[in-house]
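These notes are about the structure you will find just below.
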Amino acid sequence: MSGILDRFAVTDQVAIVTGAGRGLGAATAVALAEAGADVLISARTEAQLDRVAEQVRATGRRCLVVAADLSDLDAVAGLAQAAYDEFGRLDTVVNNVGGTFPTEFLKTSNEFLNEAFSFNVTTAHALSRAAVPLMLSAAPDAQKSIVTISSMMGRTADRGFIAYGTAKAALAHWTRMAAQDLAPTIRVNGIYVGSIMTSALEYVAGQPELMDQLETKTPLKRVGEPEDIAAGVLYLASRAGQYVTGKLLEIDGGIQQPTLDLGFPDVAP
């Protein structure tokens, strides 16, 4: 009779993690490997991926490195077949690639908004659409799961984030919609990520007044760790989360409003 911890195992399953060269993606790839999965990791910088691959292989699992520009929709879609060809199956897709710089409203061009949407939402759709037929073709008894990485800015509002926040809100709703389309065979869930100590916060980490502002406005009084998100992904991807679909976990230290004022001014003539 298996215990509760066995539900978190993904032994011999295969996962794809995008944006896996560092930060959340790297931590997620290693966590899935520690739980028993073989992993395809992809990002732009091969040297970063190679370092993550070493950590994955140190767990005893296999790792396929695919360096690619993941804003290229054909390249990101191609990851699905690459994983299937290498490992013979595909069980989990973690759509982690994304991000957009904050920008003032009047400096947010139509092109910038479109790029934000494509990089944060269309990439997830392209990879997932390519992955679903392959996920359905092998090991039907295993958990099949897609996980998206959204942001707390997709459920709150603040100045400067109209492109990023709108795209992340769209990604969250894409998650809910895809869950309906793919149930009951493939579960689709996401995470609203709060302030996590990754390279995106390097500048803030070097400014004590900004870090103090961020931590003070967070109920848990600290920023998160990449492994906090990786643990959430593992829950959603494994049998531990087998009765969860169409949901967004809020892993954000308890925040209900933005925690960092970037100082964007009022619009003026």
Side-chain angles (χ1 to χ4, degrees), residues 1-20 23-41 52 55-56 59 61 83 89-98 124 127-128 131-132 135 139 141-152 154-155 168 171-176 178-180 182-198 218-220 222-255:
M1 185 173 178
S2 61
I4 193 66
L5 292 181
D6 294 325
R7 288 183 174 235
F8 291 87
V10 288
T11 306
D12 296 330
Q13 295 188 27
V14 172
I16 295 172
V17 183
T18 61
L24 307 184
T28 295
V30 174
L32 290 168
E34 288 177 347
D38 297 322
V39 188
L40 180 152
I41 57 175
V52 177
Q55 297 177 65
V56 169
T59 71
R61 303 308 307 188
R89 61 187 286 175
L90 180 55
D91 304 284
T92 297
V93 172
V94 183
N95 288 302
N96 173 64
V97 68
L127 175 53
S128 301
V132 164
M135 296 170 78
D141 56 326
Q143 289 295 313
K144 303 294 181 178
S145 180
I146 296 171
V147 183
T148 63
I149 304 300
S150 184
S151 165
M152 56 78 62
R155 64 176 182 85
K168 287 301 189 183
L171 179 62
H173 201 54
W174 180 93
T175 300
R176 299 183 189 99
Q180 296 299 310
L182 301 179
T185 315
I186 298 175
R187 296 183 299 104
V188 188
N189 294 288
I191 297 175
Y192 283 127
V193 174
S195 300
I196 305 296
M197 188 50 69
T198 65
T218 300
L220 290 184
R222 64 175 180 85
V223 299
E225 303 169 352
E227 287 75 15
D228 294 324
I229 306 305
V233 173
L234 179 59
Y235 164 69
L236 292 173
S238 67
R239 197 160 53 90
Q242 68 181 3
Y243 201 52
V244 182
T245 197
K247 304 302 180 184
L248 278 292
L249 298 185
E250 298 176 10
I251 304 180
D252 55 16
I255 58 176

**Prompt:** Between Val132 and Ile186, is a side-chain contact (heavy atoms from CB on, under 4.5 Å) present by the stated rule, with each step listed?
**Reply:** CA-CA 8 Å; Val132 164; Ile186 298 175; 3.9 Å; yes

**Request:** Begin from the C-alpha positions of Arg155 and Glu250 and carry the test side-chain contact (heavy atoms from CB on, under 4.5 Å) through to its verdict.
**Result:** CA-CA 10 Å; Arg155 64 176 182 85; Glu250 298 176 10; 3.7 Å; yes

**Request:** For the pair Leu182 and Thr185, evaluate side-chain contact (heavy atoms from CB on, under 4.5 Å) and give the outcome as yes or no after the intermediate values.
**Result:** CA-CA 6 Å; Leu182 301 179; Thr185 315; over 6 Å; no

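Each of Leu236, Leu249, Leu248 was scored for a side-chain contact (heavy atoms from CB on, under 4.5 Å) with Asn189, with one residue passing: Leu236. Of the options Ile251, Asp252, Val147, a side-chain contact (heavy atoms from CB on, under 4.5 Å) to Ile229 is made by Ile251 and by none of the others. Of the residues Val93, Val14, Asp91, the one that meets the side-chain contact (heavy atoms from CB on, under 4.5 Å) test with Met135 is Val93. When each of Leu24, Asn95, Leu171 is checked for a side-chain contact (heavy atoms from CB on, under 4.5 Å) with Ile149, only Leu24 meets the rule.
Between the CG atom in Asp12 and the CZ atom in Arg89 there is a gap of 7.0 Å [rounded to 0.5 Å]. With rounding to the nearest 0.5 angstrom, the OG atom of Ser195 is 11.5 Å from the CZ atom of Arg222. In this structure, Arg239 CZ and Ile4 CD1 are separated by 8.5 Å, a value rounded to the nearest 0.5 Å. For the atom pair CG of Asp38 and CG of Leu90, the computed distance is 11.5 Å after rounding to the nearest 0.5 Å. With rounding to the nearest 0.5 Å, the separation of CZ in Arg7 from OH in Tyr235 is 10.0 Å. Rounding to the nearest 0.5 Å places NZ of Lys144 at 15.0 Å from CD of Gln242.
A donor-acceptor pair under 3.5 Å is absent between the side-chain atoms of Ser151 and the main chain of Tyr192, judged by distance alone. Side-chain N or O atoms of Asn96 include none that pairs as donor or acceptor with a backbone N or O of Val17 at under 3.5 Å. Remark: side-chain polar atoms of Arg61 are paired, donor with acceptor, to backbone N or O of Gly36 under 3.5 angstrom. Looking at Ser238, its side chain does come within 3.5 Å of a backbone N or O of Ala240 through a donor-acceptor pair.
For the residue pair Thr92 and Ser145, no side-chain donor N or O sits within less than 3.5 Å of a side-chain acceptor on the partner. Of the N and O atoms on the side chains of Gln143 and Arg187, at least one donor lies less than 3.5 Å from an acceptor on the other residue.
Annotation: side chain of Thr18 is not in contact with side chain of Val94 (no heavy-atom distance under 4.5 Å).
Heavy atoms only, all atoms of each residue included: Leu32 and Ala237 are closest at CD2-CB, 4.5 Å.
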